[in-house]
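Lettering of chains follows the sequences in order, A, B, ..., and the numbering in each one begins at 1.
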Amino acid sequence: MMNSEEARHLTETVPGGVPIKMWTRGVPVEEAAKRQLANAARLPIVFKHIAAMPDVHLGIGATVGSVIPTLRAIIPAAVGVDIGCGMMAAKTTLRAEDLPDNLAPLRAAIERAVPHGRSPGARDPGAWQKTPGAVNTAWAQLEPEFKELCRDYPKLAKTNHLNHLGTLGSGNHFIEVCLDEQGAVWFMLHSGSRGVGNAIGTMFIELAKQDALRNNAKLPDRDLAYFEEGARYFGDYVRAVGWAQKFAALNREVMMRRVIEAAKTVIHKNFQSHIEAVNCHHNYVQKERHFGEEVYVTRKGAVSAKAGQLGIIPGSMGARSYIVRGKGHADSFESCSHGAGRVMSRGDAKRSFTLAQHRAATEGVECRKDKDVLDETPAAYKDIDAVMAAQAELVDIVHTLKQVVCIKG
DNA sequence: ATGTAC
């Protein structure tokens, strides 16, 4: 007979590897994602077990929605290229009834205040034409360490680092205005370290692969190449990834400030923000203590959920999002999911859904309703309620947020 | 996710 702990998550054994603990009861998990988790479980550097969150799905090298603890080594592809990607949310003193009936001008004001969208070359709509003061102030905190990184890796200097600080990006990055269960207005956003973090991630992933090839390392997947403590590049990677994580957190802070300033130009009632604020990564690595050991914990699409710690779990653009409080569950390495998780690829989603379905699914949300956003339609994601139920032993729900405005790049 | 190359 199973005890109550076992009843809430599943453990899969992996021949020749550590076990996989999965908080996925009642949510679909692709076989390909399970095979990918098993690959990581077979690495000699993995500590104790791998934890899979209920939003788990196939990624490059490592699975999105997983927590990979490693001893004296880091897998750069497990962290990925959007280093420090995460969420920020801020509660305000505004009430639902303080918002105008027509939300289009609020959406437009936010879109003007924060550059968004992909960078198609010289004329970059996703970058600043002229960096505002808040960006220059934030950059001052990042610049000294960046200059050191550029001394060792000159190609980083060619990235659009300064003009992308405080900008949204594209894909699943977004800005939202939400209402909580008591009618309070929140601002929420999702973004990462933009082009410069991508350049750092890509460069070190490639260096790790080259190292593995040179050393004839036995790997279940080349994308799982890792740096060991003391080896060439390990220290540089730790430094660079830490810097990109700082860039990402500041990026979100700058945007949040700009969003709130923009809202004040449209909403004429005076209000306070940051009544409750959370800024959390869900794509990152850091040293932590678990089961009595110092380990590098890589959360690839997972959020830290120490006992009492607040986190953010966004649903898709038509669903709800959650502010959660961690329960510090040891076997999850004190983690929870980072969202609902995709159920199909972007291409499949664009082929599977119609604009009419998307309009129905996002009714009442002031957001994009064009065919190019179909890959982000709610039906392309897992049911957020099932995802929350599957991780009830990892987090408590503190606030339930429903979006009324959603901006995507 | 991003920026560059095809």
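Of the two residues contacting DNA chain B, namely K158(A) and C85(A), the nearest-nucleotide position lying further toward the 5' end is that of C85(A).
Of the side-chain N and O atoms in R194(A), one or more sit less than 4.0 angstrom from OP1 or OP2 of dT2(B). For S170(A) and dT2(B), the shortest distance from a side-chain N or O to OP1 or OP2 is below 4.0 Å. Considering only side-chain N and O atoms, N160(A) lies nowhere under 4.0 angstrom from the phosphate OP1 or OP2 of dG3(B).
No donor-acceptor distance shorter than 3.5 angstrom exists from the side chain of K369(A) to the backbone of A356(A), with no hydrogens or angles considered. Proximity of a side-chain donor or acceptor of R95(A) to a complementary backbone N or O of D98(A) within less than 3.5 Å is not detected. In this structure a side-chain-to-backbone donor-acceptor pair under 3.5 Å is missing from N279(A) to M88(A). Side-chain atoms of K209(A) never come within 3.5 Å of backbone atoms of A225(A) as a donor-acceptor pair (strictly under, hydrogens ignored).
Annotation: H358(A) is not in aromatic contact with F353(A) [ring centroid separation under 6.0 Å not met].
Distance from the side chain of H164(A) is smallest for dG3(B) among the nucleotides dG3(B), dA1(B), dT2(B). Counting only heavy atoms from C-beta on, D82(A) has its side chain closest to dA1(B) among dT2(B), dA1(B), dG3(B).
Atom CD in E376(A) sits roughly 11 Å away from atom C1' in dA1(B) (whole-Å rounding). Taking atom NE2 on H281(A) and atom P on dA1(B), their separation rounds to 17 Å, with Å as the unit. In this structure, CG of D375(A) is placed 9 Å from P of dA1(B), rounded to the nearest angstrom. For K408(A) and dT2(B), the NZ to P distance is 12 Å, given to the nearest whole Å. Straight-line distance from the CG atom of L156(A) to the P atom of dT2(B): 17 Å, rounded to whole Å. Separating the NE2 atom of H173(A) from the P atom of dG3(B) is a distance of 11 Å, rounded to the nearest angstrom. Between I83(A) atom CD1 and dA1(B) atom P there is a gap of 15 Å when expressed in whole angstrom units. Atoms NE2 (H161(A)) and P (dG3(B)) sit 12 Å apart, rounded to a whole Å.
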